Colleague: 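Before I ask anything, here is the structure I am working with.
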Number of protein chains: 2
Amino acid sequence: MEKPPTIKDVANLARVHAATASRALNPSTRAKVSTRTANRVLEAAKSLGYAPNSAARSLRTKTSSVAGVIIPDLRNPVFPPIVRGIEDALREAGYMALMGNTDGDEERERELLLAMRGRQTDGFILATGRRNDPQPEDRVPTVLVNRRTDSSEIPSVTNDNNAGVHATVQMLAELGHERIAHVAGPQALSTGWERYRAYLDAMAAHGLAVDPEWVTYSEAFTEEAGYEAAKRLQGGVTAIVAGNDLIALGCYSALEERGLECPTDVSVVGFNDMPFANRQRPALTTVRIPHYEMGLEAARLLLERIADPTAPAKRVILPVELIRRASVAAIKSVH
Amino acid sequence: MEKPPTIKDVANLARVHAATASRALNPSTRAKVSTRTANRVLEAAKSLGYAPNSAARSLRTKTSSVAGVIIPDLRNPVFPPIVRGIEDALREAGYMALMGNTDGDEERERELLLAMRGRQTDGFILATGRRNDPQPEDRVPTVLVNRRTDSSEIPSVTNDNNAGVHATVQMLAELGHERIAHVAGPQALSTGWERYRAYLDAMAAHGLAVDPEWVTYSEAFTEEAGYEAAKRLQGGVTAIVAGNDLIALGCYSALEERGLECPTDVSVVGFNDMPFANRQRPALTTVRIPHYEMGLEAARLLLERIADPTAPAKRVILPVELIRRASVAAIKSVH
DNA sequence: TTGTACGCGTTATCAA
DNA sequence: TTGATAACGCGTACAA
């Protein structure tokens, strides 16, 4: 039950004052100490298994080397690789991640932010951003990942939703599809909104009309909500551009229920290329986003931001790639 | 850029001493303060938007209300729901989770433990336990989840691997299978080992012989490793009990490569019922483990343990359920 | 280059 | 019931 060694113990063993030990232990102040004593201190620290008490350090420096990571729900398969990327980049810089899930509940998000701020969090990475979220009033460095706000004051890392949907529509058009539907994601989220706008854009660019019956809105980025929205689709469409992969799976269910086959009767395309999208039945055509890299980049942006809070708010947009699988087919020739 | 209010500000506003304010603010010591002054302090705190500085509190109390959660890799689909359960239970108790991934690297695990301990973590939940892991020398409360050690000194929450495999073998036997193979998980992990033992047990219980050619070992619980191990299988088996779902997917690939069809030629059963197991092709028969509940239970065990470190080390085993899907079929009658 | 002195914000202990 | 005081471990002006 012996207590962990403090810097004083290290100092005693090295026959120096605690202040000197502190300087020797801290890379940024090591230059202020003679190499000989510095080495003695370092050795003493090692032999004692000294680890600095971060509470004391935080109290003194107002920093904690901890970042808060807030996401809607870890069980949505998009997030694990993003979080993993965040964690890896943070760790490289000596940071750790505090995790929290909100289930999309804004009240819960506020509570989480408060609780994490109380724990001296140095910054936040939020995957929960809504398009019209206000700039946080307090000045804790914050980065958005995957989703972003309409205004450009908060740094963000997102992917090229526009290019992804354009590539999707182009592929479908080339396969002869004209009656192309869109089961859109929530319009309060940049992902849902940008993909919807891109769908309209791309259709126009290919000279394809859009019947309002071909567009429905999913309440959430879930399989269930996608299923409900897909059921409301009318007008004999031959292809569906889904707001994301989970919504696409909901479309599968709705099609099956109507006795329609994918891709023979209706082609379906998702977005995200979430894990196991290739294992679905049929294998899902989708737009691959660089999940892990988004996490990496978001964490790096946050670290930059912590280092210099006045730096301009970058908005990083990562490239995407259309992955064609079995869920799309050329349109049946009209007989 | 004004600084956040401290307990002193609250005390001044309420016209009491800081110590009194502390007592009033802290639920466990509130009784030591008259109701009238307590209310005055609480109101002052509210009007100032006071939030305690947890670094100072940690420094003083040696506790942080933070738990470390260490897992192999968040991208393994088994872990997200477990972590989510952990997080939910921790939050209910005012705790937060620090996350870390090890990729199964023991060196990295040591580093993580050290770094987290330095951050005043009150306890650990490890999903990385190996059968022969030593009891941690330091006395930080620790709970294992999903995997456990052979010795019984560390509390753990696992699932009934034995019952799950027995149910699997029984189902296969009832379908007429006799040449039942096992692609085992890593034997250094309790999950891999217990399921292997259960396979041998269950085969014996049904009077079925086990040819050594029917058993291979996967290096890891991954699709790739499962594929490699499945390729080594010999002896014309008609069913495979896979160490887990990812290994089962590897078996799918190996079978396909040999031109064998599942379930027509070979039945396959996994373990875990990970998300989207029902969406695989063919839909995977598997043993459902209560992921989320395991996380909940592990966190509760940890909280108990933190409250009373001398309490006996419970080993909780949660029930499982065999989920039959399209990947198994009755054996083809011998012609 | 090293030592001294102090304060970060909180809570435990002791005295009133 | 309340106030005064000290201490948690560290980092940093300042002095030597």
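Remember, predicted model here, so these are calculated numbers, not experimental data. The analysis underlying the following values was restricted to heavy atoms, covering all of them including side chains, and did not include hydrogens, waters or symmetry mates.
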Colleague: D/dT12, D/dG9, C/dT2: which one has an atom nearest the side-chain heavy atoms of A/Ala56?
Modeller: D/dG9
Colleague: Heavy atoms only, 4.0 Å cut-off, all strands: where does A/Leu59 land among base, sugar-phosphate and nothing?
Modeller: base
Colleague: Nearest nucleotide by nearest heavy atom, which residue falls closer to the 5' end of DNA chain D, B/Arg60 or B/Ala31?
Modeller: B/Ala31
Colleague: Within the 4.0 Å heavy-atom criterion, would you say B/Ser34 contacts the bases, only the backbone, or no part of the nucleic acid?
Modeller: sugar-phosphate
Colleague: Which part of the nucleic acid, if any, lies within reach of A/Thr37 when heavy atoms closer than 4.0 Å are counted: base, sugar-phosphate only, or nothing?
Modeller: sugar-phosphate
Colleague: Let me know the distance between CZ of A/Arg117 and C1' of C/dG9, rounded to the nearest Å.
Modeller: 17 Å
Colleague: Examine D/dC8: is either OP1 or OP2 under 4.0 Å from a nitrogen or oxygen in the side chain of A/Lys8? Give yes or no.
Modeller: no
Colleague: Within the structure shown, what part of the strands sits under 4.0 Å from A/Lys32 by heavy-atom distance: base, sugar-phosphate, or nothing?
Modeller: base
Colleague: Calculate the interatomic distance between B/Ile7 atom CD1 and D/dG3 atom P; express it in whole Å.
Modeller: 13 Å
Colleague: Can you check the B/Arg23 CZ to D/dA4 P distance for me, whole Å?
Modeller: 11 Å
Colleague: Would you indicate, yes or no, if C/dT2 has its OP1 or OP2 atom less than 4.0 angstrom from a side-chain nitrogen or oxygen of A/Thr20?
Modeller: no
Colleague: A/Ile86 and A/Ala299: which non-hydrogen atoms are nearest, and at how many Å?
Modeller: O-CB, 3.7 Å
Colleague: Do B/Arg91 and B/Glu87 sit within salt-bridge range, that is, some charged N less than 4.0 Å from a carboxylate O?
Modeller: yes
Colleague: Could you tell me how far apart A/Lys62 (NZ) and D/dC10 (C1') are, to the nearest whole angstrom?
Modeller: 13 Å
Colleague: For A/Thr6 and D/dG9, is the shortest distance between a side-chain N/O and OP1 or OP2 below 4.0 Å?
Modeller: no
Colleague: Could a donor-acceptor pair under 3.5 angstrom be found where the side chain of B/Arg57 meets the base of C/dT10?
Modeller: no
Colleague: In whole Å, I'd like the distance from the NE2 atom of B/His17 to the C1' atom of C/dT11.
Modeller: 12 Å
Colleague: Does B/Arg315, at its CZ atom, have more than 12 non-hydrogen atoms belonging to other residues, nucleotides or ligands within less than 6.0 Å?
Modeller: yes
Colleague: What's the CG-C1' distance between B/Asn53 and D/dC8, to the nearest Å?
Modeller: 13 Å
Colleague: Distance check needed: C/dG9 P versus A/Arg119 CZ, whole Å only.
Modeller: 18 Å
Colleague: Is it true that B/Lys46 and B/Glu43 make a salt bridge, defined as a side-chain N closer than 4.0 Å to a carboxylate O?
Modeller: no
Colleague: CD of A/Gln120 versus P of C/dC8: gap in Å, rounded?
Modeller: 14 Å
Colleague: For a 4.5 angstrom cut-off between non-hydrogen side-chain atoms, does A/Arg30 reach A/Leu42?
Modeller: yes
